[in-house]
Amino acid sequence: MSTESLVPERKPRFAAWLVEPMLANKSTYMKVGLAALLINLFGLVTSLYSMTVYDRVVPNNATTSLVALTIGLLIVLVFDFILRTLRAYFIDIAGANVDREVGQRTFQRLLSIRLDARRGSTGQLTGLMRELESLRDFLASATMTAIIDVPFIFITLLVIGAIGGWLVMVPIVMIPIVVGAGLLTYPALDRLAGSVMNHGLNKSSVLVEAIGGLETVKVINAAPLLQKRWLEATDSHADSSLRQRLVATLGVNVAATAQSLSYAGIIVVGVFLIADRHLTTGGLIACSLLGGRAVQPLGSIAQLLSRLTGARTAYQQVNAFMSQPSEISESDQLKPNKLQGLIEFRNVTFRYPGAKQDALKDINLVIKPGERVGILGRIGSGKSTLARMALGLYQPTDGLVMIDGTDLRQMDLVSVRRHVGAALQESVLLTGSIRENIILGRDGIDDEEMLRVARLTGVHDFVGQIANGYDLKLADRGEGLSGGQRQSIALSRALVGRPSVIVFDEPTSGMDMQSEEILIARLAEELADRTVIVVTHRPSLLKLVNRVLVIQDGRIAVDGPRDDVLRRLTQPQRAA
Ligand code: ATP
Ligand code: MG
C-alpha cells in the first residue's frame, strides 16, 4: 500500500488560493466580528443584571425596579438572539463563498497539474480534494465562532476586575492552565491529524482502485487482496482517530475542570472580600458568572482543537498541492493562433518521476510540417513516451522539445493543444453524450463537422442507426460501448476541427481488419499535408506515413523514408 506522503519537501508558497478568497469576504467577516462584539457585551449585561438585583432589588424589595430591569434584560436577550443568528448566518455565507472560490481554484489546479509533478495515486488525490471539506467545515462552523470570541476574554476580565478587584486573579490563573493543556496536547493532536489524514487517503486509494477496476478485480480474483488492504487501511484509520479523540478529550476535560475551579475559586475568594467589605453579594454573583464566561471560549477551543489540527493538516496538504508546478498559463507565454506543425526534439532525455531508468535517451528529431511519421518499436521501448513529450504532457529531463521553433515550455499548452489532435493508447471517454465527447466544448464546431469525422472514423456506422444516437448518454467513462467503438469516438475527437498536428498512439488496436482497412483508406485523404505522428505495431497503418522511426530502448535506432526502412527491417541479415 502506498504510504507516500503528498507533502513535498520544499516549503509551499504563500497561500493565495485561500487568503484571497477570504479577503474577498472581508466585509462579511467584519460583520461577524461586530456581531461577536455586541454578543459579548450583551453577555456582560446579564451578569450586571444579577448584580443589581442582588444588591439593590433584594434588600429593598424594589419590585418596580425589578420589572424595569427585567424588561431591559428581555430586550437585550431578543437582540442577543437575533445577533447570534445573524452571526451564524454571516459565517455560513462567507464560508460558502470561500468554499466555492477555493474549490474552483483547486479544481482548476487539479486539471492543470503537470504530470511529472503529480504525487500520490488517483485515490489519494481524490481524498485530498475531499479534505477541502474539513477546511470548509472549519471556515463555516463553531470553530470560527469560538476563535472570534477569544479576544473578548480581555473585556470580560476587565469587567471582573472593575467589580471584584483582585478577584480577577482567579480566572487569570486558570487561563494558562487551559492554554497549557491545549499547548501540551497540540503536538500530539497535530501528529495524529496527519496520520488520520494519511490513513484516510489510503482508504480512499483502495476504494477508488477497487471501484475503478471492479470487472478486473472479479476476473483476477483480487477481492481478498483488496479486502485485506481495505481492512488494514480501516484499522489504522480507526486506530489513529481513536487516539486523536482520546487526546482531544484530555484537553476538553482540563478546560471543564478549570472552568469549575474558576467558579469555586471566585466564590471562596469572594467570601473573604465580602467579609472585608470590598465586594457586595451581587458583585460576587456577577463575578462568578463572568468568571465562567472568561474561561469558556478557551474551553470551546480545546473542544475544537482536533478539528483545528485537522483543518491545519488539510490546509498544509492542499497548500503543498497548490504549490506544485502546473500548466496554468502565464502572461508571457506564447499563445499561437495556428500551428505550422514543425516538431523538433533536441537532445531530449526523459525519465519518469521516480523511475530508475531513462525512458528516452538523447533523442534528436525534426518532423517537418506535413511530414507523416510512423513510430515502431517493441513494447516498453518508449514510443508512447515520445508521443507524450510531443504533446507537452511531460517536460524533458534534459534537452528541448520545440513546436514551430519555440520551446514548448514557453508556450501556453492549452492554446497549443487546440491545434493538435491526439488519440492516446487508452481511449478514455467522459460521461456525457457522444456528441459532447466528440466536440468537447470546442468553439466553432458544428454538427456538419462532427458528422464528417464520425463518418470518417466509423462512429456513424454504429451511432447513425440509433434514433438520436449522438445524444445517447454515455455513463461512466463510456462504459456501455465496446473497446473498438470507444476508440473510434476517441479518433473522431482527435480529428474534429482539422487540427494541423495529429498524434495517434495505436489508433486501430481495438479494431477488426475490415474496419481498420476502411479507416486507413479514409484517413489517407484526411491526413494529407498534416504533420502526423502515428505510434503503431500494425504494418497496415504504415500506409499512412512517409517516414518511419524505430525506437529501441529509448533511442532512435532507425530513421528514414518508409520504404527504405521497411526494406531494411524485412531483410535484417543483409542490412547487418
Ligand atoms: P507499448 O508498445 O507497450 O505501448 P511503449 O513503447 O509505448 O510501449 P512507453 O509507454 O513509452 O512504451 O514506456 C517506455 C518506458 O517508460 C517503459 O519502460 C515504462 O515502464 C516506462 N513508463 C511508461 N509510463 C510510465 C509512467 N507513467 N511512470 C513511470 N514509468 C513509465
Ligand atoms: Mg505505448
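Numbers here are sequence positions counted from 1.
Crowding of R409 atom CZ: a count of heavy atoms from other residues, nucleotides or ligands under 6.0 Å exceeding 12. Heavy-atom contacts from other residues, nucleotides or ligands closer than 6.0 Å to CD1 of I220 number more than 12. At most 12 heavy atoms of other shown residues, nucleotides or ligands fall within 6.0 angstrom of atom CG in N337. Surrounding CG of D358 are more than 12 heavy atoms belonging to other residues, nucleotides or ligands, all under 6.0 Å away. No more than 12 heavy atoms of other residues, nucleotides or ligands lie within 6.0 Å of CZ in R346, so this atom counts as exposed by the packing criterion.
When each of I533, L365, V535 is paired with L549, the side-chain contact (heavy atoms from CB on, under 4.5 Å) condition holds for L365 and for no other.
You'll find the side chain of I343 stays beyond 4.5 Å of the side chain of M402, heavy atoms only. Proximity of V565 to V550: side-chain heavy atoms (C-beta onward) are separated by under 4.5 Å at one or more points. For the pair R538 and E516, the minimum side-chain heavy-atom distance is below 4.5 Å. Here the side chains of M511 and L519 are in contact, with some heavy-atom distance below 4.5 Å. Looking at L481 and I489, their side chains come closer than 4.5 Å, going by heavy atoms from C-beta outward. Between T536 and I375, the closest side-chain pair of non-hydrogen atoms is not below 4.5 Å. Between L451 and Y470 there is a side-chain heavy-atom pair separated by less than 4.5 Å. Looking only at side-chain heavy atoms (C-beta outward), V416 and L339 come within less than 4.5 Å of each other.
Judged by distance alone, with hydrogens and angles left aside, the side-chain atoms of D407 form no donor-acceptor pair with the main-chain N or O of Q410 at under 3.5 Å. A donor-acceptor pair under 3.5 Å links the side-chain atoms of K383 to the main chain of R378, judged by distance alone. In this structure, the side chain of Q104 does not engage the main chain of E101 through any donor-acceptor pair within 3.5 Å.
The two residues T397 and F350 come nearest to each other via the heavy atoms OG1-CA, 3.2 Å. Here the shortest heavy-atom pairing between H237 and H199 reads CA-CB, 3.7 Å. In terms of heavy atoms, R417 sits closest to L391 at NE-O, 3.2 Å. Shortest non-hydrogen contact noted between R372 and L527 is CD-O, 3.8 Å. The minimum heavy-atom distance linking V102 with L132 is given by the pair CG1-CD2, 4.0 Å. Residues P369 and T531 approach most closely at CA-OG1, 3.4 Å, considering heavy atoms.
Interatomic distance, CZ of R567 versus CG of D563, reported as 6.5 Å (0.5 Å rounding). Note that CG of L400 is 11.0 Å distant from OG1 of T406, once rounded to the nearest 0.5 Å. If you take CG on L566 and CG on L542, they are separated by 5.5 Å, rounding to the nearest 0.5 Å. Between the CD atom of Q485 and the CG atom of L429 there is a distance of 10.5 Å, given to the nearest 0.5 Å. Atom CG in L424 sits 6.5 Å away from atom CG in L393 (nearest 0.5 Å).
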> E209 and R229: salt bridge (charged side-chain N to carboxylate O under 4.0 Å, His left out), yes or no, with the steps?
Replying inline: CA-CA 11 Å; E209 197 167 280; R229 288 187 187 169; 3.4 Å; yes
> Checking salt bridge (charged side-chain N to carboxylate O under 4.0 Å, His left out) for the pair E371/R530: CA distance, chi angles, key distance, verdict?
Replying inline: CA-CA 7 Å; E371 201 165 26; R530 314 256 198 105; over 6 Å; no
>> Using side chain to side chain donor-acceptor pair (under 3.5 Å), reason through S205 and N202 one step at a time and then give a plain yes or no.
In response: CA-CA 5 Å; S205 171; N202 281 341; 5.4 Å; no
>> Test side chain to side chain contact (heavy atoms under 4.5 Å, CB included) on D398 and V348; report intermediate values, then the result.
In response: CA-CA 6 Å; D398 204 8; V348 170; over 6 Å; no
>> D461 vs R455, test: salt bridge (charged side-chain N to carboxylate O under 4.0 Å, His left out). Steps then yes/no.
In response: CA-CA 7 Å; D461 297 341; R455 288 211 176 86; over 6 Å; no
>> What verdict does the salt bridge (charged side-chain N to carboxylate O under 4.0 Å, His left out) test give for D239 and R243, after you've listed the backbone C-alpha separation in whole Å, the side-chain angles of each residue and the deciding distance to 0.1 Å?
In response: CA-CA 6 Å; D239 186 52; R243 284 187 217 192; 3.0 Å; yes
> Would N347 and N364 satisfy side chain to side chain donor-acceptor pair (under 3.5 Å), going step by step from the backbone distance to the final call?
Replying inline: CA-CA 5 Å; N347 303 320; N364 277 296; 2.9 Å; yes
> Does the side chain to side chain donor-acceptor pair (under 3.5 Å) test come out yes or no for Q487 and S509, once each step is laid out?
Replying inline: CA-CA 8 Å; Q487 193 162 39; S509 58; 3.1 Å; yes
>> Pair T431, L474 - check side chain to side chain contact (heavy atoms under 4.5 Å, CB included), show working.
In response: CA-CA 5 Å; T431 306; L474 303 175; over 6 Å; no
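A salt bridge links R105 with E20: the distance from a Lys NZ or Arg NE/NH1/NH2 to an Asp or Glu carboxylate oxygen falls below 4.0 Å. Ion pair D362/R555 not flagged as a salt bridge, since none of the NZ, NE, NH1 or NH2 atoms sits closer than 4.0 Å to an Asp/Glu carboxylate oxygen. Of the charged side-chain nitrogens involved, none lies within less than 4.0 Å of a carboxylate oxygen, so that E344 and K368 do not count as a salt-bridged pair. Salt bridge annotation for D553-K361: absent, with no cationic side-chain nitrogen under 4.0 angstrom from a carboxylate oxygen. A salt bridge between D471 and R435 is present, with a side-chain N of the basic residue lying under 4.0 Å from a carboxylate O of the acidic one.
Counted by atom type alone, Q425 and S384 present one or more donor-acceptor pairs between their side chains at under 3.5 Å. Side-chain contact of S492 with T457: a donor-acceptor pair under 3.5 Å is present, judged by distance alone. Y394 and T385 form no side-chain donor-acceptor contact under 3.5 Å, judged by distance and modelled atom types alone.
Aromatic ring centres of Y315 and W17: separated by under 6.0 Å.
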